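Quantities reported herein were computed from a predicted structural model and do not represent experimental measurements.
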Amino acid sequence: EDVAEAEPLMAGEDFSFYCLKVPCTFAFLGIRNETAGSVHNLHSPQFTMDESVLHRGTAMHVAWALKYLSTHGSADGKTEL
């Protein structure tokens, strides 16, 4: 219930150039929380970060890293890219 797929959008982002070199993914961490005043987008001068959800983003990145290492790691502990 805490994860949702977003509709594709045409946004300008240079991150895609990394994907040409190494396996990668791109995700948005939704932090809208009207009670905390986190209602403006990232590029707004009124943007306020709801820090209470940062652990979810951290957990998401750790899970992706562990999944990648479980399938691409080698016996000597080195990672194949």
Side-chain angles (χ1 to χ4, degrees):
E1 97 190 26
D2 291 333
V3 176
E5 283 194 39
E7 292 294 320
L9 60 105
M10 293 293 293
E13 180 56 59
D14 293 337
F15 183 83
S16 63
F17 291 107
Y18 291 111
C19 298
L20 297 174
K21 301 291 183 187
V22 296
C24 63
T25 190
F26 188 88
F28 293 101
L29 177 60
I31 60 166
R32 184 176 183 88
N33 181 339
E34 293 182 15
T35 303
S38 182
V39 295
H40 301 285
N41 73 41
L42 177 63
H43 298 290
S44 167
Q46 289 85 29
F47 175 74
T48 302
M49 170 67 77
D50 177 10
E51 295 182 3
S52 71
V53 297
L54 290 180
H55 69 280
R56 292 180 183 212
T58 302
M60 179 177 67
H61 282 88
V62 168
W64 286 338
L66 291 174
K67 182 175 176 75
Y68 181 85
L69 291 172
S70 73
T71 58
H72 293 88
S74 61
D76 62 4
K78 295 181 180 176
T79 303
E80 304 168 11
L81 288 178

*Linking Ile, Leu, Val, Met, Phe, Trp and Tyr by side-chain heavy atoms under 4.5 Å, what else ends up with Val39?*
none

Tell me the closest heavy-atom pair linking [X] and [Y], and the distance in Å.
X: Gly57; Y: His61; answer: O-ND1, 2.8 Å
X: Val53; Y: Ile31; answer: CG2-CG2, 3.2 Å
X: Ser52; Y: Asp50; answer: OG-OD1, 2.7 Å

If you count heavy atoms of other groups shown closer than 6.0 angstrom to [atom1] of [X], is the number above 12?
X: Gln46; atom1: CD; result: yes
X: Tyr18; atom1: OH; result: no
X: Phe17; atom1: CZ; result: no

_Between Leu54 and Met49, is there a side-chain heavy-atom distance shorter than 4.5 Å?_
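SC-SC contact between Met49 and Leu54 confirmed.
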
*Does some side-chain heavy atom of Trp64 sit less than 4.5 Å from a side-chain heavy atom of Leu69?*
no

*Go through the structure and list residues passing side chain to side chain contact (heavy atoms under 4.5 Å, CB included) with Leu66, not counting sequence neighbours.*
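Expected list: Val62.
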
*Within the distance-only criterion (no hydrogens, no angle test), does the side chain of Ser38 pair as donor or acceptor with the backbone N or O of Glu34 below 3.5 angstrom?*
no

*Would you give the length of the straight line joining atom NE2 of His40 to atom CZ of Arg32, rounded to the nearest 0.5 angstrom?*
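So the gap between those two atoms works out to 8.5 Å.
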
